[in-house]
**Student:** 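Let me give you the structure first, and then I'll get to my questions.
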Amino acid sequence: MFGFITAILTSVSFIILSAGTAQSFPPPLSAKGEREYFKKMKEDGDITAREKLIEHNLRLVSHIVRKYYGSHGSSDELLSIGSIGLIKAIDTFEYTNGARLATYAAKCIQNEILMYFRSQKKQSLEVSIDETIDIDREGNPLTYIDIIKCDDTIADDLDRKFRAKKAMDYIRSMLDERERRIIILRYGLDGSDPITQRETAEALGISRSYVSRIEKSVLSDLKDYLQ
């Protein structure tokens with residue numbers, strides 16, 4: 001985490017200091033050079049290679065900000081936000097598939113900027129629940145918290161937790177190894193990320209249709225068990 005934050009601060013500073021001209025940025029890497037840096041970063045954990053990939057793609061952040069968001073006054077802030085998207089792209093890019101980073105990174109950069117705009121819009125619509133909206137007959141302030149209805153959901157929350165525990169007990173004790181593995185992979189149980197039926201089939205060396213058949217059968221039985 002510390003290395004990630006350091007890389008962000010380094011790249012953001014570099015962008016802001018170099019934003020004057022496109023010539024200030026390091027040139028783009030060749031396809032061969034890009035692959036070599038990614039290999040060092042992914043396989044050897046080379047931090048320097050990661051920093052090189054960031055530096056040599058900073059001009060892409062500047063290009064996107066200038067081309068699509070030039071009318072916004074806070075260009076330095078957008079450069080900083082865009083650089084975070086670039087770093088996320090570099091950390092998640094699969095260089096072994098033969099594609100170049102630029103297309104993938106451009107989407108990540110724009111997504112990060114759009115997320116920033118959405119968060120700004122949301123914050124502008126937020127109001128404090130303690131904000132005074134009226135005065136009652138006695139002269140006391142009336143706030144949003146005074147008029148917001150509070151529904152007690154404790155019973156529903158406990159029921160959901162109970163059913164979730166019961167479902168996991170069923171999966172761990174009532175399913176065979178293959179059924180259990182399919183459900184865990186498909187729904188991201190035990191702390192894993194959920195994956196598609198096709199990815200599950202590849203991981204287990206079976207057909208996708210077989211994964212689908214097993215999944216439907218297990219879910220049907222689980223529904224009956226919970227009811």
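Just so it is clear, the values below take in all heavy atoms, side chains as well, and ignore hydrogens, waters and symmetry mates. This structure is a prediction, so every number in the text was calculated from the model and none was measured.
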**Student:** Do the side chains of E36 and K39 get close enough for a salt bridge, i.e. N-O under 4.0 angstrom?
**Tutor:**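 So E36 does not pair with K39 through a salt bridge.
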**Student:** Is it true that a side-chain atom of H56 and a backbone atom of P27 form a donor plus acceptor pair closer than 3.5 Å?
**Tutor:**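 Side chain of H56 to backbone of P27: a pair is present.
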**Student:** Between S220 and S217 (side chain of the first, backbone of the second, donor and acceptor by atom type, cut-off under 3.5 Å), is there such a pair?
**Tutor:**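 Checked: no pair found.
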**Student:** Would you say the side-chain atoms of N57 pair up with the backbone N or O of L60, donor to acceptor, closer than 3.5 Å?
**Tutor:**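 Not confirmed, N57 side chain does not pair with L60 backbone.
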**Student:** Quick one: does R180's side chain have a donor or acceptor within less than 3.5 Å of a partner on L175's backbone?
**Tutor:**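 Such a contact is found between R180 side chain and L175 backbone.
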**Student:** Atom CG of L86 and atom OH of Y104: how far apart are they, to the nearest 0.5 Å?
**Tutor:**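 One gets 11.0 Å once the value is rounded to the nearest 0.5 Å.
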**Student:** Hey, could you give me the CZ/CZ distance between R213 and R208, rounded to the nearest 0.5 Å?
**Tutor:**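 With rounding to 0.5 Å, CZ (R213) is 10.5 Å from CZ (R208).
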**Student:** Whether R50 and D46 form a salt bridge (side-chain N of Lys/Arg under 4.0 Å from carboxylate O of Asp/Glu) is what I want to check.
**Tutor:**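 Looking at D46 and R50, the cut-off is not met.
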**Student:** Parallel, tilted or perpendicular for F38 and Y95, by the 30°/60° rule?
**Tutor:**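 Geometry flag for Y95 against F38: parallel rings.
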**Student:** Would you check if the side chain of K107 reaches a backbone N or O of A89 as a donor-acceptor pair within less than 3.5 Å?
**Tutor:**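 Such a contact is absent between K107 side chain and A89 backbone.
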**Student:** Hey, is the main chain of L101 close enough, under 3.5 Å, to the side chain of E34 for a donor-acceptor pair?
**Tutor:**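 Yes, E34 side chain to L101 backbone: donor-acceptor pair under 3.5 Å.
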**Student:** At what distance, to the nearest 0.5 angstrom, does NZ of K88 lie from OG of S83?
**Tutor:**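 One finds 10.5 Å between NZ of K88 and OG of S83.
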**Student:** Check whether the ring centres of Y116 and Y69 lie less than 6.0 Å apart, and answer yes or no.
**Tutor:**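 So the answer is no for these two rings.
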